A.B. asks: 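The structure under discussion is supplied below as structure tokens; questions concerning it will follow.
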Amino acid sequence: MESIVVKGGRKISGEVVIGGAKNSALPLIAATLLAENGKSCLENIPNLRDINTIIRLLEGMGAEINRSDSSLTVTTTAVENCQAPYELVKTMRASILVLGPLLARFGKARVSLPGGCAIGARPVNLHIRGLEQMGAEIEVEHGYIIGRSKRLKGADISFDVTTVTGTENLMMAAVLADGTTHLRNAAREPEIIDLAVFLRKMGARITGEGTHTIVINGVKKLNGADYQVMPDRIEAGTFMIAAGISDGDIIIKNAPLAALGSLVSKLHEIGLAVEPLTEFKEDELLSGIPVRIKRQTSGLHSLDVKTMPYPGFPTDMQAQIMTLMALAQGTSVISETIFENRFMHVFELQRMGADIEVEGRTAVVRGVEKLSGAPVMASDLRASAGLILAGLAADGETVMSRVYHLDRGYSGFEKKLNALGADIKRINE
Ligand code: EPU
């Protein structure tokens, strides 16, 4: 089993380049299933376990995929096996993203129902209900979602709760539907915009992405297209916190700063300076610019954070900002409103000396002077990043097991941190 060993106490400095966004690349790759003709060439695809999973999923369906460095070419003309097997879906819930495209283009799909998840129940009822409103017949049998449809029909769909992959799935279904679809209370994440721009390049007619109502006029067919994935805002945010927690001074060469507004304002509050080094345009959510991050004050200040759908504070940054709070002066409060069980990292941080109390969906963090290195266990992707960040600041050695969580969403994390002067290695024992 692999573990990551972090020797704490080093200030990081230098420059780092962020990879392509995992949560953008996954729906974009799923969207290539919609192309009847031509190949799609996707650039800036990160090298991650979740990306390998979706590639295997599409290859199993008959797609032709070539990968070199960070580019991926995908031809889906010969796809005929419209199935997503349990063996792959159980390792990555985002596999559900193939359901909308398969039903829209082929009128059939057999996709394993994702099971429970460490961070919450995460049902997919809203994906299914939306597809039914578009005329699909859906049954759940033997753990599989079996969908059939003639050509899907445009519909007026209102989400009860904001769902990112739910919005993406229904956008991809609606682009080939007959007529107009309105998606109301849609998610507004920058990754939704990235998907809409790509779908338009494929020939889709979409407006309103990035607002609460997305309007899609269905077209008869779509073709492959070329596209560059946006930089990963969560990876960028994680490096910002790495600079803050280690009292370092780094430049992120391509931070999607406009997409990080709520995080950056919290980082300012806690005492970090986040300074764009070129012109910053608030509406350029998808572009990366050079940004310098260091502490503005000698200590860190406590603050309160509530996770919310975009443009609120991202749940995917909750574990990481908690590590900064653990070392801030005073008491901070985090409310997790998106997932019901996303505090598993707290118990590991406590083992490193953090003073954190959890009650329901709220964590009260009383800042301590220092953390001490300890053996810890990652429980999910973002928790693993949080524990490594804690290790950067802790006295002595932190050994994190269950590294496979980290590899789902951070490409070359140790390598990038070591290039900035950290002391991290991966061991196999
Ligand atoms: N929900 C329902 N019914 C549904 C769908 C969602 O009740 O049919 C609920 C969920 O249980 C949750 C809330 O709605 O309480 C929001 O979940 P959402 O559907 O938005 O999450 P997701 O689409 O499954 C994506 C990201 C997650 C990120 C969340 C929230 C991808 C591939 N995954 O998940 O990313 O945490 O949005 O922003 O885009 C990660 O990268 O570490 C990660 C978990």
Side-chain angles (χ1 to χ4, degrees), residues 19-31 46 48-51 53-54 57 89 91-100 111 113-133 138 140 145 157-172 183 185-195 229-230 232-238 259 262-263 306-320 336-342 344-345 361 378-386 404-411 413:
K22 166 181 85 78
N23 289 349
S24 215
L26 292 171
L28 290 172
I29 296 170
L48 300 170
R49 232 163 53 107
D50 277 8
I51 298 294
T53 304
I54 197 151
L57 201 56
V89 179
T91 67
M92 185 185 70
R93 307 178 53 82
S95 309
I96 191 74
L97 285 165
V98 301
L99 182 62
V111 175
L113 193 63
C117 173
I119 62 177
R122 302 181 77 182
V124 290
N125 56 316
L126 302 177
H127 304 231
I128 293 178
R129 196 202 295 164
L131 291 166
E132 283 174 339
Q133 280 181 263
I138 297 193
V140 176
I145 304 168
I157 296 166
S158 194
F159 292 103
D160 295 345
V161 287
T162 312
T163 158
V164 178
T165 50
T167 302
E168 291 163 348
N169 228 342
L170 297 191
M171 268 167 82
M172 293 189 280
L183 299 179
N185 194 22
R188 294 187 282 163
E189 269 65 4
E191 292 77 14
I192 304 269
I193 301 180
D194 222 15
L195 176 62
V229 179
M230 70 175 288
D232 196 307
R233 63 192 167 103
I234 304 301
E235 186 189 351
T238 304
S262 56
L263 173 70
K306 188 179 205 171
T307 62
M308 295 290 275
Y310 188 86
F313 189 92
T315 173
D316 291 345
M317 285 302 305
Q318 182 255 103
Q320 300 90 314
E336 170 59 59
T337 76
I338 309 291
F339 293 113
E340 62 273 24
N341 194 29
R342 209 173 197 180
M344 303 279 276
H345 42 280
R361 289 193 178 195
S379 53
D380 67 78
L381 166 55
R382 306 304 169 186
S384 66
Y404 50 85
H405 288 296
L406 182 78
D407 295 336
R408 291 189 51 196
Y410 289 89
S411 175
F413 196 47

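Quick note: residue numbers are just sequence positions, from 1. Please read all numbers here as calculations on a predicted model, not as lab measurements. Order of appearance sets the numbers: ligands from 1, and atoms from 1 within every ligand.
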A.B. asks: Does ligand 1 come near enough to Pro123 that some N or O of the ligand is less than 3.5 Å from an N or O of the residue?
C.D. replies: yes
A.B. asks: Indicate, as side chain, backbone, both or neither, the part of Arg122 found under 4.0 angstrom from ligand 1 when only non-hydrogen atoms are considered.
C.D. replies: both
A.B. asks: Can you find an N/O atom of Thr315 closer than 3.5 Å to an N/O atom of ligand 1?
C.D. replies: no
A.B. asks: Ignoring hydrogens and angles, tell me if any N or O in the side chain of Thr162 forms a donor-acceptor pair with the backbone of Ala187 under 3.5 Å.
C.D. replies: no
A.B. asks: Check for me whether Thr162 has a heavy atom closer than 4.0 Å to any atom of ligand 1.
C.D. replies: yes
A.B. asks: Could you tell me the residue and atom name of the protein heavy atom closest to atom 9 (C) of ligand 1, and the distance to it rounded to 0.1 Å?
C.D. replies: Val161 CG2, 4.0 Å
A.B. asks: Within the structure, does Val164 bring an N/O atom to less than 3.5 angstrom of an N/O atom in ligand 1?
C.D. replies: yes
A.B. asks: Which of the atoms in ligand 1, numbered in the order shown and given with their element, are less than 4.0 Å from a heavy-atom of Ala94?
C.D. replies: 32 (C)
A.B. asks: Looking only at heavy atoms, what is the nearest atom pair of Arg408 and Leu48, with distance?
C.D. replies: O-CB, 3.5 Å
A.B. asks: Tell me: protein heavy atom nearest atom 42 (O) of ligand 1, and distance?
C.D. replies: Arg382 NE, 2.9 Å
A.B. asks: List the closest protein heavy-atom neighbour of atom 15 (O) of ligand 1: residue, atom name, distance to the nearest 0.1 Å.
C.D. replies: Ile338 O, 2.6 Å
A.B. asks: By number and element, which atoms of ligand 1 are closer than 4.0 Å to a non-hydrogen atom of Lys22?
C.D. replies: 40 (C), 41 (O)
A.B. asks: What's the spacing between Asn169 CG and Ile128 CD1 if we round to 0.5 Å?
C.D. replies: 10.0 Å
A.B. asks: Is it true that Arg342 lies under 4.0 Å from ligand 1, counting heavy atoms only?
C.D. replies: yes
A.B. asks: Which heavy-atom pair separates Thr337 from Met308 by the least distance, and what is that distance?
C.D. replies: OG1-SD, 3.9 Å
A.B. asks: Among all protein non-hydrogen atoms, which one is nearest to atom 23 (O) of ligand 1, and what is the separation to 0.1 Å?
C.D. replies: Thr165 OG1, 2.6 Å
A.B. asks: Are the side chain of Gln320 and the backbone of Asp316 linked by a donor-acceptor contact shorter than 3.5 Å?
C.D. replies: yes
A.B. asks: Just heavy atoms, cut-off under 4.0 Å: does Asp316 contact ligand 1 by side chain, backbone, both, or neither?
C.D. replies: side chain
A.B. asks: Where on Tyr310 is there a heavy atom closer than 4.0 Å to ligand 1, on the side chain, on the backbone, on both, or on neither?
C.D. replies: neither
